[in-house]
Chemist: 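Quick one: the structure is below, and I'll ask about it shortly.
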Amino acid sequence: MEDKILYVRLPCNPIFPIGVVYLSDHVHKLFPSVQQRIFDLGAVPPLDYAAALDACVDEFQPTLLVFSWRDIQIYAPVGGRGGNPLQNAFEFYYAKNPLIKLRGALGGLKLATSYYTELWRNLGLIKRGLSRSQKYNPQARVVVGGGAVSVFYEQLGTSLPKGSIVSVGEGESLLEKLLRGEDLAQERCYIVGETTPRDRLIHEPPMNLEKTACNYDYIETIWPEFQYYFQDQDFYIGVQTKRGCPHNCCYCIYTVIEGKQVRINPADEVVAEMQQLYNRGIRNFWFTDAQFIPARRFIDDAVELLQKILDAGMTDIHWAAYIRADNLTPELCQLMAKTGMNYFEIGITSGSQELVRKMRMGYNLRVVLENCRDLKAAGFNDLVSVNYSFNVIDETFDTIRQTIAYHRELEAIFGADKVEPAIFFIGLQPHTHLEEYAFQKDMLKPGYDPMSLMPWTARKLLWNPEPLGSFFGEICLEAWNRNPNDFGRTVMDILEERLGRAPLEEALSAPISGEKQLATIR
């Protein structure tokens, strides 16, 4: 039977579906005779999901369906399904006014209803697509992967059709073996109803793949909705320059899913891919790496890439990325400004060096400040988003004062209007150091359901433990009441009003004695 692969990106926010694009490109390079089609439900109105999927299956009649499930975003700092999940939770848990508490409860109920509705809808779409495909090809199979599946692969497997291949992490090697008819036993996957996931499956390293430039001439032929993401010139199109993250940040799942080995895509291939998009009118690029410069040993790779972007004549582009600002050099800062970086995110989590160390983040906050000054001197005058997660391991009023001092220094460097504090409360995720820490402290019991939105579970997974939990709840509620449209800056202002600000030097120094250790992943 001739292989025909239909990639279905399940509904999510309108983000360029780089995962299925790269997968289909990889398959085409190895198996040029295989017919492929990309179908992105992110570009379809919600009421039309089922009918549009049916029509696509009827027309293409696939032998293999590959579903990409991007996220199950249970907690978010702003926006989200049915309102603001963080605000709903904090109103319900911390509000003193019974009417506000009731509003939070109703909002939380709406959120939970929407969450479970989306969960059941996506599972229903997978079953529907497989069942309809089997009318045309009785041996049709389904692979389910993507970010959400990689995190919750153990839980989702109980709801998927028997025979579904649950893929963890990257899917290139898995699809290669499927198309060759080879055994899948050594892949990061399991088959529902036939095999069970190996212990610590997600911690197994991915294949070492050297990626070549995506062939967008081919992608355009298999993706009828291709132009959807090219209509708005403000849209950022994803380009990947590397995979993997070498760090051990206690709450982060990236280093587990992508592996600790950083695999660099050749700069010439990255530029060739960007040029294809550039020639189609794209001027905004998002480097989708876990970190654009994950460690100092990769600085030369970043310099090479940015210089080749300039040499290619793409001088009118803009780009953005997650960046570890402790890995910048004056030369790199100059190239960032010259090549049009107009936004970046740094996830320092805390402005206290003591807490940064305890969370295993590997940052030197003093170096971050020095490099930010270099970036400003190089001509960067755009927006910086700084992610803070308060009430992490061993947070105190002193460490909060240190974070305020650190944030004010960033504002002094870039300008207060250019530094946007994004206030997160960590959503505890499976397979992380923080989960192990919660087990050790009896905050969670092994066997809990990380996908549950029941209040008794959700309160533990939304990491805001006492004794400071109620304090932060009160601060955030006041910020939403005072200025909901500038929540992050308002939180910082209220914290400074209540607690004051530490000397900057206190934030940048970290005593060694008495430091508590996080759990160690085996």
Chemist: Is a side-chain donor-acceptor pair under 3.5 Å present for D40 with Y229?
Modeler: yes
Chemist: Go through the steps for E411 and K418 under the test salt bridge (charged side-chain N to carboxylate O under 4.0 Å, His left out), then give the verdict.
Modeler: CA-CA 7 Å; E411 289 181 331; K418 301 293 187 183; over 6 Å; no
Chemist: I'd like to know if the side chain of Q36 pairs up with that of Y218 as donor and acceptor (distance under 3.5 Å, no hydrogens or angles considered).
Modeler: yes
Chemist: Hydrogens and angles aside, do Y136 and D58 bring a side-chain donor and acceptor to less than 3.5 Å of each other?
Modeler: yes
Chemist: Is it true that atom CD of E194 has more than 12 heavy atoms of other residues, nucleotides or ligands lying nearer than 6.0 Å?
Modeler: yes
Chemist: Would you say the side chain of Q240 lies within less than 4.5 Å of the side chain of N265, judging by non-hydrogen atoms?
Modeler: yes
Chemist: Do E304 and K308 meet the salt-bridge criterion of a basic N to acidic O distance under 4.0 Å?
Modeler: yes
Chemist: Quick test of your reading of the model: are D183 and K177 salt-bridged, counting only N-O distances below 4.0 Å?
Modeler: no
Chemist: Do you know the tightest heavy-atom contact between A290 and Y322?
Modeler: O-CB, 3.8 Å
Chemist: Go through E370 and R366 one step at a time and tell me if the salt bridge (charged side-chain N to carboxylate O under 4.0 Å, His left out) criterion holds.
Modeler: CA-CA 6 Å; E370 292 169 357; R366 190 185 304 275; 5.6 Å; no
Chemist: For residues W223 and Y228, determine if any side-chain heavy atom of one lies less than 4.5 Å from a side-chain heavy atom of the other.
Modeler: no
Chemist: Are the charged groups of D54 and R128 less than 4.0 angstrom apart, N to O?
Modeler: yes
Chemist: Do F152 and H431 have their ring centres less than 6.0 Å from each other?
Modeler: no
Chemist: Only one of K211, E176, E170 passes side-chain hydrogen bond (donor to acceptor under 3.5 Å, both in side chains) with H26; say which it is.
Modeler: E176
Chemist: For a quick test of reading the model, state the closest non-hydrogen atom pair linking L365 to Y406 and the distance between them.
Modeler: O-OH, 2.7 Å
Chemist: Are H318 and Y236, when compared by the centres of their aromatic rings, separated by less than 6.0 Å?
Modeler: no
Chemist: Show, in sequence, the C-alpha distance, side-chain angles and deciding distance for S173 and E187, and conclude whether the side-chain hydrogen bond (donor to acceptor under 3.5 Å, both in side chains) test is met.
Modeler: CA-CA 8 Å; S173 177; E187 290 301 307; 2.9 Å; yes
Chemist: Flag the pair K242 and E258 as a salt bridge only when some basic side-chain nitrogen lies within less than 4.0 angstrom of an acidic carboxylate oxygen.
Modeler: no
Chemist: Above 12 or not: heavy atoms from other molecules or residues under 6.0 Å from CD of E182?
Modeler: yes
Chemist: Is the distance between the ring centroids of F298 and F292 under 6.0 Å?
Modeler: no
Chemist: With a 3.5 Å cut-off and no angle check, do the side chains of N381 and K376 form a donor-acceptor pair?
Modeler: yes
Chemist: With a 4.5 Å cut-off on side-chain heavy atoms, are V34 and I5 touching?
Modeler: yes
Chemist: Assess whether a salt bridge exists between R280 and E220, defined as any Lys/Arg side-chain N lying under 4.0 Å from an Asp/Glu carboxylate O.
Modeler: yes
Chemist: On the 0 to 90° scale, with breaks at 30° and 60°, tag the F414-F344 ring pair as parallel, tilted or perpendicular.
Modeler: perpendicular
Chemist: Given side chains that start at C-beta, do those of M336 and I323 come closer than 4.5 Å, heavy atoms only?
Modeler: yes
